[in-house]
Amino acid sequence: MPYVIAASCIDVMDRSCIEECPVDCIYEGERKLYINPAECIDCGACEPACPVSAISQDRRVPADQNDFVADNARFFAEPLPGRDAPLGMAGGAGGIGPLGVDTELVATHQAS
């Protein structure tokens, strides 16, 4: 099961998880980080590194944040604003750098 980053990462993006990821599968949007489900090896190294407990396995995401499971996959499967093609398996976030865009769910998310 791949890991997912949920709502508590929005507008925080501590990036500690990026440093712990051995396969470079955590990508940076404008307001939130995203884990590529096709590149994630399910090691779990990112989960304890997150200071806001935003990361969990996709099957353990809290029910009130379940929309982030599909949204995390959407970040890679559908073209992002300003892009012609989806990221897909991009081969590692380090080679791409910050993308500066988010999915609609995250871009329109209101702080609580």
Side-chain angles (χ1 to χ4, degrees):
M1 296 286 134
Y3 281 76
V4 171
I5 300 175
S8 55
C9 180
I10 297 174
D11 296 329
V12 174
M13 290 199 310
D14 175 76
R15 296 175 186 82
S16 296
C17 57
I18 292 173
E19 296 171 19
E20 296 301 320
C21 180
V23 294
D24 193 28
C25 71
I26 303 173
Y27 293 73
E28 186 175 335
E30 184 175 347
R31 298 179 64 197
K32 179 184 165 301
L33 301 173
Y34 301 83
I35 297 175
N36 190 321
E39 296 174 353
C40 178
I41 60 170
D42 308 327
C43 70
C46 58
E47 187 175 17
C50 181
V52 294
S53 301
I55 303 173
S56 62
Q57 286 182 318
D58 61 357
R59 66 177 181 253
R60 292 190 299 129
V61 171
D64 65 334
Q65 295 191 35
N66 205 36
D67 289 348
F68 286 92
V69 176
D71 191 65
N72 193 75
R74 191 176 300 117
F75 186 82
F76 300 97
E78 297 176 7
L80 294 166
R83 294 183 160 262
D84 295 328
L87 287 174
M89 286 189 64
I96 293 177
L99 292 160
V101 296
D102 289 299
T103 60
E104 184 177 349
L105 175 70
V106 173
T108 61
H109 187 271
Q110 299 296 314
S112 31

Self-check item: Side chains of E30 and V101 in contact at under 4.5 Å (non-hydrogen atoms)
Solution: no
Practice problem: Report yes if some heavy atom in the side chain of V52 is under 4.5 Å from a heavy atom in the side chain of D14; otherwise report no. | Solution: no
Quiz item: Is there a donor-acceptor pair closer than 3.5 Å between any side-chain N or O of D84 and the backbone N or O of P79?
Solution: no
Quiz item: Which heavy-atom pair separates C50 from A54 by the least distance, and what is that distance?
Solution: SG-N, 3.3 Å
Quiz prompt | Flag, side chain of E20 to backbone of A45, donor-acceptor distance under 3.5 Å | solution = no
Exercise. Over 60° means perpendicular and under 30° means parallel, so classify the ring planes of F76 and Y34, tilted if in between.
Key: perpendicular
Quiz item: Would L105 end up clustered with L80 when hydrophobic side chains under 4.5 Å apart are linked, directly or stepwise?
Solution: yes
Quiz item: CE of M13 to CD1 of I18: how many Å apart, nearest 0.5 Å?
Solution: 8.0 Å
Practice problem: Decide, yes or no, whether a salt bridge links E104 with R74 under the criterion of side-chain N to carboxylate O below 4.0 Å. | Solution: no
Quiz item: Any idea which heavy atoms bring Y3 and C40 closest together, and the distance?
Solution: N-SG, 3.7 Å
Quiz item: Can you name the nearest heavy-atom pair linking D102 to R31, along with the distance?
Solution: OD2-N, 2.7 Å
Self-check item: Taking every non-hydrogen atom, the tightest pair across S16 and A49
Solution: CB-O, 3.3 Å
Quiz item: Do side-chain atoms of E39 reach the backbone of A90 as a donor and acceptor pair under 3.5 angstrom?
Solution: yes
Quiz item: When rounded to the nearest 0.5 angstrom, what distance separates OH in Y27 from CG in L87?
Solution: 7.0 Å
Quiz item: Are any of the side-chain heavy atoms of I41 and P22 separated by less than 4.5 Å?
Solution: yes
Quiz item: Quick one: does L99's side chain get under 4.5 Å of R83's, heavy atoms only?
Solution: yes
Self-check item: Hphob cluster co-occupancy, I26 + V61, side-chain heavy atoms under 4.5 angstrom
Solution: no
Quiz item: Within the side chain of N72, is there an N or O that forms a donor-acceptor pair under 3.5 Å with the backbone of I35?
Solution: yes
Self-check item: Joint hydrophobic cluster, L33 plus V12, side-chain heavy atoms closer than 4.5 Å
Solution: no
Quiz item: With a 4.5 Å limit on heavy-atom distance, are the side chains of F75 and I5 in contact?
Solution: no
Practice problem: Work out which heavy atom in N36 is nearest to a heavy atom in G88; give both atom names and the distance. | Solution: ND2-O, 2.9 Å
Quiz item: Are I55 and I10 connected, step by step, through hydrophobic side chains (Ile, Leu, Val, Met, Phe, Trp, Tyr) whose heavy atoms are closer than 4.5 Å?
Solution: no
Self-check item: Which residues share a salt bridge (Lys or Arg N to Asp or Glu O under 4.0 Å) with D24, sequence neighbours left out
Solution: none
Practice problem: Grab the two heavy atoms, one from A6 and one from K32, that are nearest each other, plus how far apart they are. | Solution: O-CE, 3.8 Å
